[in-house]
2 protein chains.
Amino acid sequence: MPGLSQGTKLDIVAIRLKQARLAAGLSQRELGIMAGLDPSGASTRMNQYERGKHVPNVAMLAQIGRVLSKPVAYFYTMDDRLAEFLAEYEKLPKSKKDKILEIIR
Amino acid sequence: MPGLSQGTKLDIVAIRLKQARLAAGLSQRELGIMAGLDPSGASTRMNQYERGKHVPNVAMLAQIGRVLSKPVAYFYTMDDRLAEFLAEYEKLPKSKKDKILEIIR
DNA sequence: TGACTAAGGTCTACTTAGTAG
DNA sequence: CTACTAAGTAGACCTTAGTCA
């Protein structure tokens with residue numbers, strides 16, 4: 001039985017989805033509905049995404065990300081610290097963004 | 001007729017693919033083959049990805065990213081400066097990574 | 001060469017109906 | 001309620017066969 005702890009490259013989206021949803025304190029169905037899915041199929045689809053059975057497309061991930069305040073790239077990031085960085089980046093004041101971008105030069 | 005300059009949320013993958021491929025000086029076919037595609041269909045598929053006709057799955061993007069030295073998240077990032085940051089992040093020494101992560105606290 | 005396209009078969013996401021805790 | 005699943009339909013991708021500069 002494959003657990004979530006490993007995080008192979010292929011199901012990183014499923015892992016991040018679960019992490020972010022639980023952190024927001026929402027059910028699979030609730031999140032799906034808030035992301036614009038029809039209530040009749042929201043539970044099933046979100047569950048399929050979270051279990052790695054199916055992969056949401058970019059538009060769907062963008063809607064989910066809007067609800068959870070995460071950029072789409074967050075769901076594709078393997079490194080935990082980098083993922084957290086992406087989730088926080090947009091909220092930073094311009095001065096801090098500039099400071100960060102200076103470091104990579 | 002939507003051009004590449006705008007960058008709508010839906011074809012961001014196509015835009016980043018083209019940018020990264022041109023920067024690497026590869027043809028669509030060359031990149032596809034280097035990413036493990038069968039030479040007979042490499043040109044068509046890479047062209048479809050780059051034109052936004054179809055979207056590559058995560059495994060495909062990971063292979064392309066390996067060739068172009070970009071993380072998968074790079075191809076999903078709208079903000080140009082943030083995309084560039086992601087492309088450079090992995091190459092940074094640990095000291096600089098820590099410095100960046102300090103700023104967001 | 002390199003970029004690009006239409007069409008059809010193949011594959012996968014999505015919908016429906018339903019189970020179990 | 002919540003999480004989860006099987007099965008079939010609908011829709012997306014992938015392959016083939018080409019065009020054009």
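Reminder, nothing fancy here: chain letters follow the sequence lines and each chain counts from 1.
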Nucleotide C:dG18, atom P - distance to CZ of A:Arg45 in whole Å
21 Å
Between B:Asn47 and A:Gly41, name the one whose nearest nucleotide on DNA chain C is closer to the 5' end.
B:Asn47
Between B:Gln48 and B:Arg29, which residue's closest nucleotide on DNA chain C lies nearer the 5′ terminus?
B:Arg29
For D:dT5, does either OP1 or OP2 sit under 4.0 Å from a side-chain N or O belonging to A:Arg51?
yes
I need the CG-P distance between B:Leu26 and C:dG2, as an integer number of Å.
10 Å
Whole-Å gap separating P (D:dC1) and CD (A:Gln28)
16 Å
B:Tyr49 pairs by side chain to side chain donor-acceptor pair (under 3.5 Å) with which of B:Lys53, B:Arg45, B:Arg51?
B:Arg45
Between D:dG8 (C1') and A:Lys53 (NZ): distance, integer Å:
12 Å
For A:Leu22 and D:dA3, give me the distance from atom CG to atom C1', rounded to whole Å.
12 Å
How many angstroms lie between CZ in B:Phe85 and CD1 in A:Ile103, if you round to the nearest 0.5 Å?
8.5 Å
So, is B:Tyr49 near the phosphate of D:dC13, with a side-chain N or O under 4.0 Å from OP1 or OP2?
no
Any side-chain N or O of A:Arg21 less than 4.0 Å from the OP1 or OP2 oxygen of D:dT2?
no
Between atom NZ in A:Lys18 and atom P in D:dA3, what is the gap in whole Å?
8 Å
Just how far is it from atom CG of B:Leu37 to atom OG1 of B:Thr44, taken to the nearest 0.5 Å?
10.5 Å
Starting at CG of B:Asn57 and ending at P of D:dC13, how long is that distance when rounded to a whole Å?
10 Å
Please check if any side-chain donor atom of B:Gln63 sits under 3.5 Å from a side-chain acceptor atom of B:Arg66, or the reverse.
no
Report the residue (B:Thr44 or B:His54) whose heavy-atom-nearest nucleotide on DNA chain D is the more 5′ of the two.
B:His54
Rounded to the nearest angstrom, tell me the gap between atom CD in A:Glu50 and atom C1' in C:dA13.
17 Å
Restricting to non-hydrogen atoms, name the atom on B:Pro71 and the atom on B:Ala87 that form the minimum distance, rounded to 0.1 Å.
CD-CA, 4.1 Å
